[in-house]
Structures are given as structure tokens and as C-alpha cells.
Amino acid sequence: MKWLELLTVAGATLISAATVVTLYSLGVRLTAIAADAQQTSPGVKRSLAYMCFGLCGVAVLVGLYLIIPYFSK
């Protein structure tokens with residue numbers, strides 16, 4: 001068994017999973033902050049939240065592209 005390759009895959013999986021979770025939770029947090037009535041600029045925070053959700057979606061699509069053999073021919 002090639003242990004170095006296993007550790008590389010495990011590390012990449014851990015980093016990418018942490019990135020997706022962080023982006024999604026940051027998007028949820030920014031959406032909640034933007035919904036507060038006392039915020040001075042909710043539009044900026046809402047657009048940042050949507051950008052976080054978009055980056056999370058892009059990361060998921062790239063992961064699917066790498067996993068599905070039909071796309072990597």
C-alpha cells in the first residue's frame with residue numbers, strides 16, 4: 001500500500017471538507033447578520049453571504065467533477 005498517497009488524499013479531503021463547511025457557515029452567519037434590522041449596510045453583508053454560498057457550490061461541483069469518471073475522460 002502506498003501510505004504517502006493515502007495521507008495525501010486524506011489531507012486533501014480534510015482541507016476541502018473544512019473549507020466547504022467554513023464557507024457555508026460563514027454564509028449562514030452573514031445572512032443572519034444582514035437580516036438584523038439595526039445593520040447599517042445589509043446589502044454588502046448579504047452579497048458576501050451569497051458569494052460564500054456560490055464558492056461553496058463551486059467547491060462541491062469541482063469535487064463531483066473529480067469523482068465522476070465520465071467527466072475526467
Side-chain angles (χ1 to χ4, degrees):
M1 179 171 230
K2 298 179 182 179
W3 291 100
L4 185 59
E5 291 177 5
L6 179 66
L7 289 176
T8 303
V9 170
T13 302
L14 183 65
I15 290 171
S16 61
T19 301
V20 169
V21 169
T22 302
L23 283 172
Y24 188 78
S25 62
L26 185 62
V28 169
R29 178 67 180 152
L30 286 172
T31 303
I33 291 172
D36 189 14
Q38 299 175 349
Q39 286 296 319
T40 56
S41 60
V44 173
K45 291 176 181 67
R46 187 168 289 121
S47 63
L48 286 174
Y50 292 152
M51 188 174 65
C52 286
F53 289 138
L55 288 173
C56 183
V58 167
V60 169
L61 289 176
V62 168
L64 287 174
Y65 175 76
L66 293 173
I67 289 173
I68 299 173
Y70 177 77
F71 296 125
S72 60
K73 286 183 181 179

Verify the cluster assignment for Tyr65 and Tyr70: are they in a single hydrophobic cluster under the rule of side-chain heavy atoms below 4.5 Å apart? yes
According to a 4.5 Å side-chain heavy-atom criterion applied to Ile, Leu, Val, Met, Phe, Trp and Tyr, with indirect links allowed, do Leu66 and Ile68 form part of one hydrophobic cluster? yes
Please identify each residue that fulfils side chain to side chain contact (heavy atoms under 4.5 Å, CB included) with Thr40, with sequence neighbours left out. none
Within residues 17-27 or reaching into it, pairs that qualify as side chain to side chain donor-acceptor pair (under 3.5 Å) - sequence neighbours excluded: none
CZ of Arg46 to CG of Leu30, rounded to nearest 0.5 Å, is 11.0 Å
Identify every side-chain donor-acceptor pair in residues 47-63 under 3.5 Å, counting partners at least two apart or on other chains, and give the distances.
residue: Ser47; atom: OG; partner: Gly43; partner atom: O; Å: 3.2
residue: Ser47; atom: OG; partner: Val44; partner atom: O; Å: 2.8

Could you list the donor-acceptor pairs under 3.5 angstrom formed between side-chain atoms of residues 11-18 and any protein atom two or more places apart in sequence or on another chain?
residue: Thr13; atom: OG1; partner: Val9; partner atom: O; Å: 2.7
residue: Ser16; atom: OG; partner: Ala12; partner atom: O; Å: 2.9
residue: Ser16; atom: OG; partner: Thr13; partner atom: O; Å: 3.1

List, by chain and number, the other hydrophobic cluster members for Val21, where Ile, Leu, Val, Met, Phe, Trp and Tyr join if side-chain heavy atoms come within less than 4.5 Å, directly or indirectly. none
Drop me the distance from Asp36's CG to Ile33's CD1, to the nearest 0.5 angstrom. 8.5 Å
